[in-house]
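Reviewing the structure listed below.
What you are looking at is a predicted structure, and each value in this text was computed from that prediction instead of being measured. All chains are named by letter (A, B, ...) in the order of the sequence lines, taking the proteins before the strands, and each is independently numbered beginning at 1.
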There are 2 protein chains.
Amino acid sequence: MSTIREVAKLAGVSPATVSRVMNGEVPVADDTRRRVEEAMQRLGYRPNSFARSLASNRSDCIGLVISHLAGPFMGTLMVNLEERLRLHQKSLLVASGHNELIREQESIDFLMSRRCDGLLVQSDRLHDDVLVALAAQIPLVVINRRVPGLESQCSYVDNQQGGYLATRHLIEQGHRHIACITGPRWKQDATQRLAGFHQAMEEAGLSVPEGAVVEGTWQESSGREAVDTLRRRGLPFTALAVGNDDMAIGAMLHLKELGLSVPEDVSLVGFDDEVYAHYVTPGLTSVHVPVDRMAQAASGRIMSLAYDAPWQGPLCFSTHLVERGTVAPPSSAHVTPC
Amino acid sequence: MSTIREVAKLAGVSPATVSRVMNGEVPVADDTRRRVEEAMQRLGYRPNSFARSLASNRSDCIGLVISHLAGPFMGTLMVNLEERLRLHQKSLLVASGHNELIREQESIDFLMSRRCDGLLVQSDRLHDDVLVALAAQIPLVVINRRVPGLESQCSYVDNQQGGYLATRHLIEQGHRHIACITGPRWKQDATQRLAGFHQAMEEAGLSVPEGAVVEGTWQESSGREAVDTLRRRGLPFTALAVGNDDMAIGAMLHLKELGLSVPEDVSLVGFDDEVYAHYVTPGLTSVHVPVDRMAQAASGRIMSLAYDAPWQGPLCFSTHLVERGTVAPPSSAHVTPC
DNA sequence: AATAAGCCTGAAAACGATTACATCAATGGC
DNA sequence: GCCATTGATGTAATCGTTTTCAGGCTTATT
């Protein structure tokens with residue numbers, strides 16, 4: 001493996017000049033540049049990234065902490081992040097939080113000890129103030145979450161607007177008795193979606209009876225259980241606004257097992273618009289989340305923070321409703337299906 | 001940020017000794033070790049990974065090339081890889097091939113220029129000989145593919161056995177007219193699964209008529225199209241062995257639209273056992289692929305190649321059938337449903 | 001023609017670890 | 001009691017860049 005010195009020698013210049021040719025900030029005479037480039041070519045020169053980092057104190061790496069790598073839209077997230085970063089010759093160093101607070105913290109420590117130039121963090125568990133403190137130490141962008149006081153470094157989706165959209169759609173179809181299956185309360189996206197539900201109900205002058213909101217775990221199974229819970233509580237409902245697609249599908253399959261049909265007896269709206277949302281019959285109406293745009297914004301923002309790249313654009317994205325087959329007007333016969 | 005020299009000074013030893021304490025290969029007196037550790041603690045010392053890499057010519061990074069990051073089991077794959085590597089304080093550098101040959105090659109170049117200590121490659125497009133040549137340059141483990149001459153560096157699933165399992169299951173249920181929807185011919189896993197199909201058919205003395213095998217694209221839509229193709233060809237079939245779950249679900253939904261019921265009129269077996277395989281009704285019977293074990297083996301193997309870590313274990317894993325509701329004996333009335 | 005203002009380039013000092021080699025003391029075998 | 005071995009440590013070279021500083025050469029300004 002050849003070094004910058006060998007290239008310099010072959011081109012008849014100093015190592016400094018070779019460095020300048022590579023980094024292209026400082027002006028270099030055309031003739032010199034050509035000679036250096038030719039020499040690099042001839043030797044198949046590859047700059048040593050360790051030496052470069054040591055001298056420049058830059059790693060050209062961006063760290064990514066994901067609370068759960070196998071989660072729903074992590075694939076889409078990573079594709080978009082990786083693509084954008086690589087355009088700028090930056091690498092993506094990935095660490096998983098494995099769904100545990102302590103491991104998320106460890107991941108951050110790990111990536112910091114690797115001296116990443118910036119950090120992208122997708123985490124529900126870390127406290128707001130931990131993130132604020134972190135942002136003071138290193139260029140940071142928070143993904144899929146809004147941290148008060150750090151708005152300009154958070155790329156996220158307007159989950160409340162999504163919840164509102166889903167619920168208003170049900171209301172517009174004539175539903176008055178709408179229950180809600182929400183995600184874990186400690187997750188920001190879950191509570192925001194729930195807030196949107198309440199907002200739409202209130203706006204329509206509809207009351208949300210005690211017990212009409214059931215907390216699930218995001219898992220399909222908890223969607224099934226939530227249906228049982230609602231029935232046990234004896235609450236009448238003709239529609240369900242559900243916090244994500246998995247729970248919605250769980251609820252839907254379970255309703256069918258109970259002999260109720262969707263959307264005739266119960267209408268349903270999911271959230272996330274997963275690829276498999278239309279695998280159920282009828283296809284699940286759901287709220288689409290623009291993960292790709294969120295990821296692109298996050299990478300743009302981290303580039304601007306870590307490398308002063310020019311950047312502008314929104315950091316908060318709104319959702320839209322994808323109508324399939326799980327919503328219909330309530331049949332008057334079924335206003336009280338339980 | 002403090003340096004090794006400051007630690008050495010505070011502990012009253014030489015930098016070399018501090019280095020030895022950190023790396024722990026060479027013996028250090030207990031008393032000295034304690035003093036050094038205390039000094040590191042006091043200063044909050046973090047070794048500079050750039051300097052370390054430059055001097056030791058090791059990056060402690062493993063590169064991962066994924067042909068398509070958002071693909072089906074990439075999440076599971078990455079969780080397991082990351083976890084194992086981090087146990088050994090190694091980082092995972094991720095690059096995506098974005099489903100194009102040229103970008104896969106670029107990804108490899110990119111990771112090589114980063115001087116990763118080893119490479120994990122999941123690719124269908126790169127030629128066998130490219131991979132063999134690559135393995136001569138850098139510790140390499142190929143994921144989900146068997147490269148002739150590189151068997152000891154490939155972690156993969158026995159797709160043929162899986163295809164065999166699926167087809168034999170259909171045969172055992174009494175099916176005689178079985179069609180197959182396969183993935184793209186140029187993908188090794190697709191052809192292997194198809195080979196398993198042929199093996200089972202042959203073993204049972206069943207012929208595979210011309211046109212009974214339709215090539216799809218792995219996408220759900222191509223499953224639908226394949227059903228049309230088969231019907232257009234006028235081939236009688238009572239069962240379908242399908243190359244993956246998405247196409248299987250596409251076929252299933254389309255059969256229903258055509259007024260055929262599953263499994264009464266047509267039985268179906270998918271492949272991959274995706275989380276959403278049971279979202280369709282009835283749940284899709286499918287072949288389970290042990291991605292986690294494949295990933296664990298891959299990380300163990302790359303550790304052994306790149307860092308001489310002890311390692312042993314299998315690199316080829318077999319699948320098993322997960323029975324749900326899409327397979328039943330053929331009803332004699334429907335031997336020729338088309 | 002003298003001076004100033006750019007350009008372009010080279011010399012050399014970082015950057016902060018690892019590691020080959022040397023040293024010295026303590027131990028053990030004979 | 002001598003020599004060889006082993007263990008613990010220090011010295012100093014090394015890894016391959018980037019970057020500061022200084023200087024030489026052009027060109028423009030007066």
Side-chain angles (χ1 to χ4, degrees), chain A residues 1-40 43-61 89 91 112-117 306-308, chain B residues 1-40 43-61 89-91 112-117 307-308:
Chain A
M1 196 87 264
S2 51
T3 73
I4 200 173
R5 251 174 271 273
E6 301 176 59
V7 174
K9 201 159 157 194
L10 183 59
V13 299
S14 74
T17 300
V18 178
S19 172
R20 285 190 269 257
V21 169
M22 288 192 291
N23 299 303
E25 305 294 338
V26 203
V28 174
D30 282 351
D31 171 55
T32 315
R33 155 164 286 118
R34 211 174 12 72
R35 284 213 318 281
V36 169
E37 277 166 353
E38 195 187 308
M40 294 201 298
L43 294 174
Y45 171 70
R46 294 276 196 94
N48 182 311
S49 60
F50 307 148
R52 188 199 286 259
S53 291
L54 179 59
S56 64
N57 200 30
R58 219 181 343 109
S59 63
D60 289 317
C61 284
Q89 308 284 314
S91 300
M112 298 269 290
S113 78
R114 286 289 184 174
R115 287 180 156 68
C116 290
D117 297 333
Y307 307 106
D308 297 312
Chain B
M1 196 88 264
S2 51
T3 72
I4 201 174
R5 254 172 268 274
E6 301 176 58
V7 175
K9 200 158 159 195
L10 183 59
V13 299
S14 74
T17 301
V18 177
S19 172
R20 286 190 268 258
V21 168
M22 288 192 292
N23 298 304
E25 303 295 337
V26 203
V28 174
D30 283 351
D31 171 53
T32 314
R33 153 164 287 120
R34 210 170 17 71
R35 282 212 319 280
V36 169
E37 279 166 351
E38 196 187 306
M40 294 200 299
L43 294 174
Y45 171 69
R46 295 275 194 95
N48 182 311
S49 60
F50 309 147
R52 187 199 286 258
S53 291
L54 179 59
S56 64
N57 201 29
R58 220 179 347 106
S59 64
D60 290 318
C61 284
Q89 307 284 314
K90 305 305 174 199
S91 299
M112 299 268 291
S113 79
R114 285 287 187 180
R115 288 181 153 70
C116 290
D117 297 332
Y307 308 107
D308 298 311

In chain order, what residues pass the salt bridge (Lys or Arg N to Asp or Glu O under 4.0 Å) check against [X], with sequence neighbours excluded?
X: B/Arg115; answer: none
X: B/Arg46; answer: none
X: B/Asp308; answer: none

Going by atom type alone, with no hydrogens or angles, which donor-acceptor pairs under 3.5 Å involve a side-chain atom of residues 12-24 of chain A and a protein atom two or more places apart or on another chain?
| residue | atom | partner | partner atom | Å |
| --- | --- | --- | --- | --- |
| A/Ser14 | OG | A/Ala16 | N | 3.4 |
| A/Ser14 | OG | A/Thr17 | N | 3.4 |
| A/Ser14 | OG | A/Thr17 | OG1 | 3.3 |
| A/Ser19 | OG | A/Asn23 | ND2 | 3.3 |
| A/Asn23 | OD1 | A/Arg52 | NH1 | 3.2 |
| A/Asn23 | ND2 | A/Ser19 | O | 3.0 |

Worksheet entry | Derivation and outcome, side-chain contact (heavy atoms from CB on, under 4.5 Å), residues B/Glu6 and B/Tyr45 | CA-CA 9 Å; B/Glu6 301 176 58; B/Tyr45 171 69; over 6 Å; no
Discussion item. Between P on D/dT17 and CG on A/Leu43, what's the gap in Å once rounded to a whole number?
Written reply: 11 Å
Worksheet entry | Distance in angstrom units between A/Lys9 NZ and D/dG16 P, rounded | 14 Å
Worksheet item: Which parts of nucleotides 11-26 of chain C does protein reach within less than 4.0 Å, heavy atoms only, written one letter per nucleotide 5' to 3' as B for base, S for sugar-phosphate only and - for none?
Response: B---BBBBB-------
Worksheet item: Is A/Arg35 salt-bridged to A/Asp31, cutoff N-O under 4.0 Å?
Response: yes
Worksheet item: Hey, is the main chain of A/Arg34 close enough, under 3.5 Å, to the side chain of A/Glu37 for a donor-acceptor pair?
Response: no
Worksheet entry | Degree of bending, the helix from C/dA1-D/dT30 to C/dC30-D/dG1 (end axes from five pairs; round to 10°) | 30°
Fill in: Residue from A/Cys61, A/Ser59, A/Ser91 passing side-chain contact (heavy atoms from CB on, under 4.5 Å) with A/Asp117
A/Ser59
